[in-house]
Amino acid sequence: MEQNSKSPLSKATNIVWHQSSIDREARFQQRGHRSAILWFTGLSGSGKSTLANAVNVALHKDGYSTYVLDGDNIRHGLCKDLGFSDLDREENIRRIGEVSKLFLDAGIIVLTAFVSPFRVDRDNARSLVGENDFIEIYCSADLGVCETRDTKGLYAKARNGDIKDFTGISSPYEEPESPELKIDTGNLEIDQCVDIVTNLLVERKIISKISK
Ligand SMILES: Nc1ncnc2c1ncn2[C@@H]1O[C@H](COP(=O)(O)OS(=O)(=O)O)[C@@H](OP(=O)(O)O)[C@H]1O
Ligand SMILES: Nc1ncnc2c1ncn2[C@@H]1O[C@H](COP(=O)(O)OP(=O)(O)O)[C@@H](O)[C@H]1O
């Protein structure tokens with residue numbers, strides 16, 4: 001199978017896809033649960049990291065194999081060469097999509113917490129995997145709420161002009177049109193948000209049950 005042969009970034013020639021002898025079904029049998037990508041998106045301060053980490057704790061406690069990829073952390077390593085221009089964000093999300101796909105193949109429920117402001121970039125990440133494997137979770141909190149939280153003081157800096165291209169202030173956020181979940185993280189308690197996510201995982205038979 002050819003991979004990314006049409007990507008302008010692709011320099012791969014004479015490369016042949018190597019099929020692993022252990023597939024997702026085998027990992028599912030061993031682990032007792034399916035893998036999935038839980039793609040949290042929303043403004044800075046909307047609660048992506050908090051919710052992804054709380055869901056992670058709930059799943060881990062029940063023995064499910066999980067991993068969180070968080071924007072702030074990934075930008076210290078894998079994506080430390082990238083800034084916040086539209087093109088850099090596109091490349092950031094492209095890499096995260098590819099890494100998430102590897103986690104999916106490894107049988108892990110991967111939770112990604114990135115602003116991922118552009119619809120086309122999120123849709124490209126979705127298109128890398130099967131429709132049932134990608135769960136887009138829109139952490140929907142008003143800009144005013146996010147700005148009031150401003151845990152890192154970034155909104156204040158963006159308003160002052162000390163940070164350029166800041167999402168919601170000087171760079172756009174394109175709301176998801178039909179996410180699997182839209183969660184009112186501006187008003188709901190974190191535990192309520194966690195229940196919404198874990199209930200969907202049970203409903204979709206990714207996990208069999210979750211303890212409350
Ligand atoms: N210009 C600008 N715009 C948005 N966010 C900024 C910016 N500069 C720094 N930060 C901090 O970086 C975090 C967002 O990184 P992401 O990798 O999630 O961004 S993106 O998906 O590539 O748009 C984001 O983290 P969260 O607050 O957790 O969302 C910010 O803390
Ligand atoms: N559902 C929620 N209700 C109240 N406060 C929240 C909620 N989710 C997150 N927070 C708080 O909002 C702030 C920003 O959350 P964070 O998870 O860092 O957002 P993001 O990752 O989207 O930037 C933190 O102080 C966090 O404790």
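Start at 1 and go down the list; that is how both ligands and their atoms are numbered.
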- request: For the residue pair Tyr155 and Thr148, confirm or rule out a side-chain donor-acceptor distance under 3.5 Å.
  value: no
- prompt: Do Lys152 and ligand 2 have an N or O pair less than 3.5 Å apart?
  reply: no
task: Look at atom 13 (C) of ligand 1 and say which protein heavy atom is nearest, naming residue and atom and giving the distance to 0.1 Å.
output: Asp72 OD1, 3.6 Å
Presence of salt bridge, Glu98 and Arg95, under 4.0 angstrom: no
field: Identity and separation of the nearest protein heavy atom to atom 8 (N) of ligand 2
entry: Gly47 CA, 3.8 Å
- request: Heavy-atom distances under 4.0 Å are what count here, so tell me which part of Asp70 touches ligand 1: side chain, backbone, both or neither.
  value: neither
task: Would you check if there is a donor-acceptor pair between the side chains of Asp62 and Ser211 at a distance under 3.5 Å?
output: yes
- prompt: What about Glu189: any of its N or O atoms under 3.5 Å from an N or O on ligand 2?
  reply: no
message: Using a 4.0 Å heavy-atom cut-off, which part of Leu154 comes near ligand 1: side chain, backbone, both, or neither?
response: side chain
query: If you measure from the Lys or Arg side-chain nitrogens to the Asp or Glu carboxylate oxygens, is any gap between Asp72 and Lys48 under 4.0 Å?
result: no
N or O contact, Cys193 vs ligand 2, cut-off under 3.5 Å: no
field: Distance-only polar pair, side chains of Ser140 and Asp184, donor-acceptor under 3.5 Å
entry: no
- prompt: So is Leu188 polar-close to ligand 2, meaning N/O to N/O under 3.5 Å?
  reply: yes
- request: Hey, could you give me the CD1/CG distance between Ile93 and Asp121, rounded to the nearest 0.5 Å?
  value: 6.5 Å
- line: So the atoms of ligand 2 within less than 4.0 Å of a heavy atom of Ser44 turn out to be 23 (O)
query: Nearest non-hydrogen atom to atom 2 (C) of ligand 2 belongs to which of Ile183, Thr185, Thr50?
result: Thr185
- prompt: Considering only heavy atoms, does Phe84 approach ligand 1 within less than 4.0 Å through its side chain, its backbone, both, or neither?
  reply: side chain
task: Indicate, as side chain, backbone, both or neither, the part of Asn92 found under 4.0 angstrom from ligand 1 when only non-hydrogen atoms are considered.
output: side chain
query: Is it the side chain (CB and beyond), the backbone, both or neither of Leu51 that lies under 4.0 Å from ligand 2, heavy atoms counted?
result: neither
message: Less than 4.5 Å apart, side chain to side chain, heavy atoms only: is that true for Tyr64 and Leu201?
response: no
Atom 20 (P) of ligand 2 - nearest protein heavy atom and its distance: Gly45 N, 3.4 Å
- line: So for Ile93 against ligand 1, with non-hydrogen atoms under 4.0 Å, the contacting part is side chain
- prompt: Taking only heavy atoms of Pro117, which atoms of ligand 1 are found under 4.0 Å from at least one of them?
  reply: 21 (O), 23 (O)
message: I want to check something: taking the side chain as every heavy atom from C-beta on, are Glu147 and Arg159 in contact at a cut-off of under 4.5 Å?
response: yes
field: Top protein contact for atom 2 (C) of ligand 1, by heavy-atom distance
entry: Phe166 CD1, 3.3 Å
Side chain to side chain, Ile108 and Arg31, heavy atoms closer than 4.5 Å: yes
field: Lys/Arg-Asp/Glu bridge criterion (N-O < 4.0 Å) met for Arg122, Glu174
entry: no
- line: Closest heavy-atom pair, Thr198 versus Lys212, reported as atoms and distance to 0.1 Å, is OG1-NZ, 3.9 Å
- line: Nearest non-hydrogen protein atom to atom 28 (O) of ligand 1, with distance, is Lys152 NZ, 3.1 Å
query: Do Ser46 and Arg149 have side-chain N/O donor and acceptor atoms under 3.5 Å apart?
result: no
field: Interfacing atoms of ligand 2 (cut-off 4.0 Å, heavy-atom, Leu43)
entry: 22 (O)
- request: Look at ligand 1 and say whether Ser171 reaches it with a heavy atom at a distance under 4.0 Å.
  value: no
field: Ser46 touching ligand 2 at heavy-atom level, < 4.0 angstrom
entry: yes
query: Salt bridge check: are Arg24 and Asp133 linked by an N-O gap of less than 4.0 Å?
result: yes
query: Side chains of Thr41 and Phe114: closer than 4.5 Å at any heavy-atom pair?
result: no
query: Which protein non-hydrogen atom lies closest to atom 4 (C) of ligand 2, naming both residue and atom, and how far is it?
result: Arg149 NH2, 3.4 Å
query: Do Arg119 and Glu175 meet the salt-bridge criterion of a basic N to acidic O distance under 4.0 Å?
result: no
statement: atom 3 (N) of ligand 1 sits nearest the protein heavy atom Arg89 NH2, 3.1 Å
- prompt: Counting only heavy atoms, which portion of Lys164 has something under 4.0 Å from ligand 1: side chain, backbone, both, or neither?
  reply: backbone
Ligand-side contact atoms (ligand 1) for residue partner Phe114, heavy atom cut-off under 4.0 Å: 17 (O), 18 (O), 21 (O)
statement: When distances are taken from atom 24 (C) of ligand 2, the protein heavy atom at minimum range is Thr151 CG2, 3.7 Å
For Asp165, atoms of ligand 1 separated by under 4.0 Å from a heavy atom: 1 (N), 2 (C), 3 (N)
query: In the protein, what heavy atom is nearest to atom 16 (P) of ligand 1, and what distance, to one decimal place, separates them?
result: Arg75 NE, 3.5 Å
query: Any chance OH of Tyr67 has more than 12 other-residue heavy atoms, nucleotides or ligands included, within less than 6.0 Å?
result: no
message: Does the residue Cys139 have a heavy-atom contact with ligand 2, meaning some pair of atoms that are separated by less than 4.0 Å?
response: no
